[in-house]
Amino acid sequence: MHLNRRTLFASAILAVLVSPASRAASFLPFDSVRFDEARKSGKPVVLQVTATWCGPCQRLRKVVGGLLENPGFKDLVIFDADFDANKDALVKLNAHTVTTLVIYRDNAEILRSSGETRPDAVEALLRKGM
């Protein structure tokens, strides 16, 4: 069998898609339409508000990213909203500060946390939202 670049690339993509790690939750870039659709889905949806210039935000992203490796969080849908790039949409969602997590279920906000980056506290918050 002759392997060309296209076959190798397709095999690599397939391996990533079927691996257990690919089934873990991940950050989705914030998009207002997709965010609204996800909130109506009935699944728990998390809005993570961060900024590239914010040190605590980067800690929060790292903590949440680490928690997403846990299969217990596979059903979470997490939207990562850049505070500066999505300012207008975030104002409509009353998300006025960085380092913020907002959890929605059935299109309603159920929990909110701002400034919390301790792994145990963030994990507890996400578990309450599930």
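All values below were derived from every heavy atom in this structure, side-chain atoms included, with hydrogens, water molecules and symmetry-related copies excluded. Keep in mind that this is a model prediction, so the values were computed, not measured.
From K87, atom NZ reaches atom NZ of K92 across 14.5 Å, with rounding to the nearest 0.5 Å. Taking CZ from R127 and CG from L67, the interatomic distance works out to 8.0 Å, rounded to the nearest 0.5 Å. For the atom pair CZ of R61 and SG of C54, the computed distance is 11.5 Å after rounding to the nearest 0.5 Å. Distance CZ/R59 to CZ/R118: 12.5 Å, rounded to 0.5 Å. Expressed to the nearest 0.5 Å, how far CG of N94 lies from OG1 of T100 amounts to 11.5 Å. The CG atom of D84 sits 6.0 Å away from the CH2 atom of W53 when rounded to the nearest 0.5 Å.
Proximity of a side-chain donor or acceptor of D106 to a complementary backbone N or O of A108 within less than 3.5 Å is not detected. With hydrogens and angles disregarded, no donor-acceptor distance shorter than 3.5 Å links the side chain of Q48 to the backbone of D82.
When all heavy atoms of F73 and M130 are compared, the pair lying nearest together is CD2-SD, 3.5 Å. In plain terms, the two heavy atoms of A51 and C57 that are nearest each other are N-SG, 3.6 Å. Contact detail for A38 and V45: the closest heavy-atom pair is O-CG2, 3.4 Å. Here the closest non-hydrogen pair linking L47 and A81 is CD1-CB, 3.8 Å. Listed here is the closest heavy atom pair of D31 and F79: N-CD2, 4.4 Å. The two residues P56 and T99 have their closest heavy-atom pair at CB-OG1, 3.8 Å.
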For this session: Could you walk me through whether E123 and D120 pass the side-chain contact (heavy atoms from CB on, under 4.5 Å) test, one step at a time?
Result: CA-CA 5 Å; E123 180 176 7; D120 57 331; 5.6 Å; no
For this session: Could you give me the CA-CA distance, side-chain angles and deciding distance for L28 and R34, then say whether side-chain contact (heavy atoms from CB on, under 4.5 Å) is met?
Result: CA-CA 9 Å; L28 297 173; R34 286 178 54 202; 3.6 Å; yes
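For S41, there are no side chain to side chain donor-acceptor pair (under 3.5 Å) partners at least two apart in sequence or on another chain.
The closest side-chain heavy-atom distance from K128 to I103 is not below 4.5 Å. With a 4.5 Å cut-off on side-chain heavy atoms, Y104 and L93 count as touching.
In this pair, F35 and F30 present their aromatic rings tilted. The plane angle is within the 30 to 60° band.
Checked against L101 for a side chain to side chain contact (heavy atoms under 4.5 Å, CB included), the options L60, V49, L111, T50 give a single hit: L60.
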